[in-house]
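Report on one structure; see the data block that follows.
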Amino acid sequence: MILLADPRVAAVPSADDGDPLVDLRELPELRLDTRAADPAGAYARLRRGVADRLLAAQHALPPGLRLLVIEGYRPYQAQLEIFTGYREELRRAHPDWSPERLYRETTKFVSPVEVAPHSTGGAVDLTLCTEDGVELDMGTAVDATPEASDNACFTDAPAVSAVARRHRRVMGDALRTAGLVNYPTEWWHWSYGDRYWALMTGAPRTRYGPV
């Protein structure tokens, strides 16, 4: 399992091809949830290339299923606050952990700001729902932490039900076919064009840099 803390991620050359951010609220083909909504509407924005791939993935889903987008672009400051907050939560819970372990465990749930996929506009948190918007059982809630879920948030976690595993597989097959990659500690997190995507696909550089 390659984590975002891995030096190989940060070593990927960063480039940006200028692909614009688009507002998913203007794409009725994609269903958008508002639980992560922010006043500036950043949550609803993704790079055009990612939005196009989500549309392709949705077309590949079995009849009656839809992607439900939770969050896309996340500004630097918001990413920093999430990282710092979770790191402090783990520090309080595990005062015996070394700084190195604390950093590694933190990155299982939230990316360091210097390589954060969401801050490029290339990452998306999402789940599956029915045509009526009823969310499917995915084994944990979106944004369940490894600590709280006993690692059931890991994409290939064996402890979730067969139904949840099947739903994760259906969503994953559609997203991978469309060209996105998953962060293996978060079944809901997928990206394209960022450093993690580049490392996992062998691309020589990113398509998207920080916005």
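One-based numbering along the sequence shown. Basis for what follows: all heavy atoms, side chains included, without hydrogens, waters or symmetry-related copies. A quick note: this is a predicted structure, and the numbers were derived from the prediction, not measured.
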Trp187 and side-chain hydrogen bond (donor to acceptor under 3.5 Å, both in side chains): which partner among Asn182, Thr155, Thr140, Asp125? Thr140
Point-to-point distance, once rounded to the nearest 0.5 Å, from [atom1] of [X] to [atom2] of [Y]:
X      : Y      : atom1 : atom2 : value
Leu21  : Leu24  : CG    : CG    : 10.0 Å
Thr106 : Leu3   : OG1   : CG    : 11.0 Å
Ser191 : Tyr208 : OG    : OH    : 10.5 Å
Leu128 : Leu61  : CG    : CG    : 6.0 Å
His167 : Arg169 : NE2   : CZ    : 10.0 Å
Leu180 : Leu54  : CG    : CG    : 6.0 Å

So, for [X] and [Y], which heavy atoms are closest and what is the spacing to 0.1 Å?
X      : Y      : answer
Leu4   : Pro112 : CB-CD, 4.1 Å
Val115 : Ala10  : CG1-CA, 3.8 Å
Ser161 : Asp137 : OG-OD2, 3.6 Å
Val50  : Gly121 : CG2-O, 4.1 Å
Ala152 : Ala157 : O-CB, 3.6 Å
Glu147 : Ala93  : OE2-CB, 4.3 Å

Check whether any side-chain N or O of [X] sits under 3.5 Å from a backbone N or O of [Y] as a donor-acceptor pair, and report yes or no.
X      : Y      : value
Arg66  : Glu29  : yes
Tyr86  : Thr107 : no
Asn151 : Phe154 : no
Ser98  : Arg101 : yes
Asp194 : Pro117 : no
Glu186 : Asp143 : no
Thr206 : Ser14  : no
Arg168 : Trp188 : no
Arg195 : Val12  : yes
Asp132 : Val134 : no

Thr145/Cys153 under side chain to side chain contact (heavy atoms under 4.5 Å, CB included): CA gap, chis, key distance, verdict: CA-CA 7 Å; Thr145 68; Cys153 60; over 6 Å; no
Presence of salt bridge, [Y] and [X], under 4.0 angstrom:
X     : Y      : result
Asp17 : Arg207 : yes
Asp52 : Arg47  : no
Arg74 : Glu71  : yes
Arg35 : Glu135 : yes

Check step by step if side chain to side chain contact (heavy atoms under 4.5 Å, CB included) holds for Phe83 and Tyr103. CA-CA 10 Å; Phe83 183 88; Tyr103 181 76; 3.8 Å; yes
Quick check: is [Y] connected to [X] through a chain of hydrophobic side chains (ILVMFWY, heavy atoms under 4.5 Å apart)?
X      : Y      : result
Val113 : Val211 : no
Tyr73  : Leu30  : no
Val181 : Ile70  : yes
Ile2   : Val110 : yes
Val142 : Val163 : no

[Y] and [X], any side-chain heavy atoms less than 4.5 Å apart:
X      : Y      : answer
Tyr43  : Arg25  : yes
Arg87  : Leu102 : yes
Thr185 : Phe109 : no

Under the criterion side chain to side chain contact (heavy atoms under 4.5 Å, CB included), I'd like the reasoning laid out for Asp33 against Val69: C-alpha separation, chi angles, the key distance, then a yes or no. CA-CA 6 Å; Asp33 187 270; Val69 176; over 6 Å; no
Side chains of His94 and Glu105: any donor to acceptor distance under 3.5 Å? no
Arg205, CZ: over 12 other non-hydrogen atoms inside 6.0 angstrom: no
Heavy-atom neighbours of Arg165 CZ exceed 12 at 6.0 Å: yes
Check against side chain to side chain contact (heavy atoms under 4.5 Å, CB included), Leu67 and Arg31: CA-CA 7 Å; Leu67 297 176; Arg31 188 181 289 270; over 6 Å; no
Distance under 6.0 Å and angle within 45° of ring axis: Arg53 vs Tyr192: yes
Measure from the ring center of Tyr183 to the ring center of Tyr196 and say whether it is less than 6.0 Å. yes
